[in-house]
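Below is one structure, written out as structure tokens, with a few remarks after it.
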Amino acid sequence: MAENQEKPQYTRVDQDTCISCGACEMAAPDIFNYDDQGLAFSIIDGNKGVKPIPEELLIDLTDAYEGCPTESILVSDQPFEKPDDPSSEKDEAKEVNQ
Ligand code: SF4
């Protein structure tokens with residue numbers, strides 16, 4: 001168990017399946033909050049899942065992950081999105097130029 005906690009962990013919420021039950025914010029108030037529509041998201045990095053969760057919050061993360069009734073909390077030891085994806089930047093630039 002201790003070994004697992006030494007690895008970096010990343011999290012984000014799948015808002016397509018979140019039912020706004022409130023459990024994750026109760027379990028991990030320093031990681032999860034709710035947007036305007038009441039859907040949970042990770043406040044660590046705007047729900048991108050690219051910033052490692054601080055070690056002192058990993059127990060809270062596990063509690064939230066295990067307590068989510070819809071398995072909407074995604075946890076990985078790899079970042080979910082690459083911060084600089086050149087192809088998406090190109091698309092954005094195209095839209096701005098139009
Ligand atoms: S515990 Fe799961 S379903 Fe409930 S608010 Fe959090 S992410 Fe949504």
Side-chain angles (χ1 to χ4, degrees):
M1 199 165 119
E3 275 176 30
N4 266 352
Q5 289 180 8
E6 285 166 16
K7 284 187 186 170
Q9 298 282 306
Y10 303 84
T11 190
R12 63 190 299 266
V13 173
D14 181 350
Q15 293 192 323
D16 290 338
T17 54
C18 172
I19 56 169
S20 311
C21 73
C24 56
E25 200 262 342
M26 295 268 287
D30 293 326
I31 303 176
F32 299 106
N33 208 326
Y34 304 102
D35 67 13
D36 292 346
Q37 295 168 13
L39 297 170
F41 71 99
S42 161
I43 59 177
I44 299 290
D45 53 16
N47 208 38
K48 288 187 163 66
V50 296
K51 241 174 116 175
I53 303 302
E55 212 173 310
E56 65 272 19
L57 298 179
L58 290 178
I59 291 175
D60 286 358
L61 175 63
T62 302
D63 286 348
Y65 173 76
E66 290 176 353
C68 177
T70 56
E71 298 182 356
S72 301
I73 295 176
L74 311 176
V75 175
S76 173
D77 58 6
Q78 304 278 329
F80 284 90
E81 286 176 17
K82 297 201 169 113
D84 32 36
D85 179 350
S87 63
S88 67
E89 273 175 28
K90 249 187 240 163
D91 285 349
E92 275 172 33
K94 250 190 252 164
E95 279 170 29
V96 170
N97 287 337
Q98 280 172 356

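Just follow the structure's listing: the first ligand is 1, and inside any ligand the first atom is 1. Quick note: numbers below take in every heavy atom, side chains included, and nothing from hydrogens, waters or symmetry partners.
- Across every non-hydrogen atom of Ile31 and Leu57, the tightest pair is CD1-O, 3.6 Å.
- Between Ala28 and Ala64, the shortest heavy-atom contact is CB-CB, 4.1 Å.
- The atoms of ligand 1 that sit less than 4.0 Å from any heavy atom of Gly22 are 4 (Fe), 5 (S).
- No hydrogens or angles considered: nothing links the side chains of Thr11 and Ser42 as a donor-acceptor pair under 3.5 Å.
- Within 6.0 Å of atom CD in Glu71, 12 or fewer heavy atoms from other residues, nucleotides or ligands are found, so the atom counts as exposed in its surroundings.
- Heavy atoms from other residues, nucleotides or ligands lying under 6.0 Å from OH of Tyr65 number 12 at most.
- Checked by atom type and distance alone, the side chain of Asn47 never pairs as donor or acceptor with a backbone atom of Arg12 at under 3.5 Å.
- Around atom 2 (Fe) of ligand 1, the protein contributes the following N, O or S atoms at distances under 2.8 Å: Cys68 SG.
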